[in-house]
Each structure stands twice: as structure tokens, then as C-alpha cells.
Amino acid sequence: MTIKDFSEKTDISISAIRYYDSLGLFPGLSRNASGYREFTEKDISWALFINRLKDTGMAIKDIMIYSELRDQGDSTISERLEILENHRNALKEKIERDNQNLIRLDEKVDFYKKLLP
């Protein structure tokens with residue numbers, strides 16, 4: 001499929017897709033005779049996963065490391081698992097901090113509401 005179709009199916013901008021590709025996050029991506037990228041259905045789930053990692057705060061450099069390990073095959077499963085577990089733990093800690101901050105913010109909002117006539 002074309003990059004336009006791929007962008008529509010993944011809801012990822014064309015510029016972001018090109019950026020991911022320039023970083024090597026789509027190893028093995030084929031190109032047609034005119035040099036245009038050709039995406040497959042398999043690329044969709046990978047792109048969505050990349051975006052999910054990015055949206056949850058994983059650094060691009062870490063996504064690149066994960067991608068390189070993924071491209072190496074099953075011999076790197078334990079390393080990839082460790083990366084994902086570390087990211088999950090960091091995300092859980094961030095969510096807990098965010099929840100505590102939200103509680104404090106709600107308290108401050110309630111405080112100011114009580115001061116209004």
C-alpha cells in the first residue's frame with residue numbers, strides 16, 4: 001500500500017512515517033520501481049506499536065534499540081522483554097505521580113471554588 005493509504009490506516013502522519021523510516025524503524029521495507037515505499041498489513045501493527053511506545057514516553061533511541069533487536073529475531077526476545085518491562089514500570093510510576101498530582105490539583109481547585117461568592 002502507498003504511504004498515503006498507510007497513513008490513513010494508522011492515523012500516523014506521512015511526515016512521521018517518513019521520519020520513522022529514516023531512523024530505520026521499518027527494516028526490510030520494500031520500494032516499487034519508482035522508489036516509493038510499499039507498506040504491508042504487517043507494517044500497520046508495527047507502526048501502531050511504535051506510536052504506542054512513543055505516546056507512552058519511550059525515547060526514540062530506545063525504540064530504535066528495540067527495533068534493531070526485533071529485526072534480529074527470536075534470539076533477542078529476552079532483551080526485548082526487559083526493555084518493555086522497564087518501560088512498563090517507568091510508565092506505572094509516572095501514572096502514579098500524575099494521579100497524585102491530579103489529586104493535589106483537584107484540592108486546589110476545590111479550595112478556590114469555596115472562596116468564590
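Since the structure is predicted, the reported quantities are computational estimates derived from the model, not experimental observations. The residues of the chain are indexed from 1 along the displayed sequence.
Tracing side-chain contacts under 4.5 Å through hydrophobic residues (I, L, V, M, F, W, Y), one never reaches L69 starting from I77; they form parts of separate clusters. Under the 4.5 Å side-chain contact rule for hydrophobic residues, I50 and L48 share a cluster. Residue L25 is grouped with residue I14 when hydrophobic side chains (ILVMFWY) are merged at heavy-atom distances under 4.5 angstrom, including chains of intermediate members. Placement of L91 and F49 in two distinct hydrophobic clusters is found when ILVMFWY residues are connected by side-chain heavy-atom separations under 4.5 Å, directly or transitively.
Within 6.0 Å of atom CG in D98, more than 12 heavy atoms from other residues, nucleotides or ligands are found, so the atom counts as buried in its surroundings. Heavy-atom neighbours of D74 CG from other residues, nucleotides or ligands within 6.0 Å: at or below the threshold of 12.
Nearest heavy-atom pair, G24 versus P27, reported as atom, atom and distance to 0.1 Å: O-CD, 3.5 Å. Closest approach of E38 and N32 over heavy atoms only: OE2-CB, 3.0 Å.
In this structure, Y66 and W46 have parallel ring planes: the angle between them is below the 30° cut-off, well short of the 60° mark.
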Item to complete: Go through the steps for E96 and K92 under the test salt bridge (Lys or Arg N to Asp or Glu O under 4.0 Å), then give the verdict.
Response: CA-CA 6 Å; E96 180 57 33; K92 284 181 176 183; over 6 Å; no

Item to complete: Kindly indicate, with the supporting measurements, whether the criterion side chain to side chain contact (heavy atoms under 4.5 Å, CB included) is fulfilled by D62 and H87.
Response: CA-CA 10 Å; D62 293 329; H87 181 63; over 6 Å; no

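Going from atom CD1 of I65 over to atom OG1 of T76 covers 12.5 Å, rounded to the nearest 0.5 Å. Between the CE atom of M1 and the CD atom of E41 there is a distance of 4.0 Å, given to the nearest 0.5 Å. With rounding to the nearest 0.5 angstrom, the CZ atom of R37 is 4.5 Å from the CD1 atom of I3. Atoms CD1 and CD, on I95 and E93 in that order, are 10.5 Å from each other to the nearest 0.5 Å. The CG atom of L84 sits 9.0 Å away from the CZ atom of R88 when rounded to the nearest 0.5 Å. Of the inter-residue distances, the one linking I17 atom CD1 with F39 atom CZ reads 5.5 Å to the nearest 0.5 angstrom.
Listed for the N86 side chain is a donor-acceptor partner under 3.5 Å among the backbone atoms of E82. Not a single donor-acceptor pair under 3.5 Å links the side chain of S67 to the backbone N or O of M64.
Classification of D110 and K114 as a salt-bridged pair fails, no side-chain N sitting under 4.0 Å from a carboxylate O. Electrostatic pairing of D21 and R31 counts as a salt bridge here, judged by a charged N lying under 4.0 Å from a carboxylate O.
A cation-pi geometry, defined here as NZ or CZ lying under 6.0 Å from the six-membered ring centre and within 45° of its normal, does not hold between K9 and F6.
Inter-residue side-chain proximity for I63 and Y20 is flagged as unmet; no heavy-atom pair is nearer than 4.5 Å. Side-chain contact between Q100 and R97 is absent, with no heavy atoms from C-beta onward closer than 4.5 Å.
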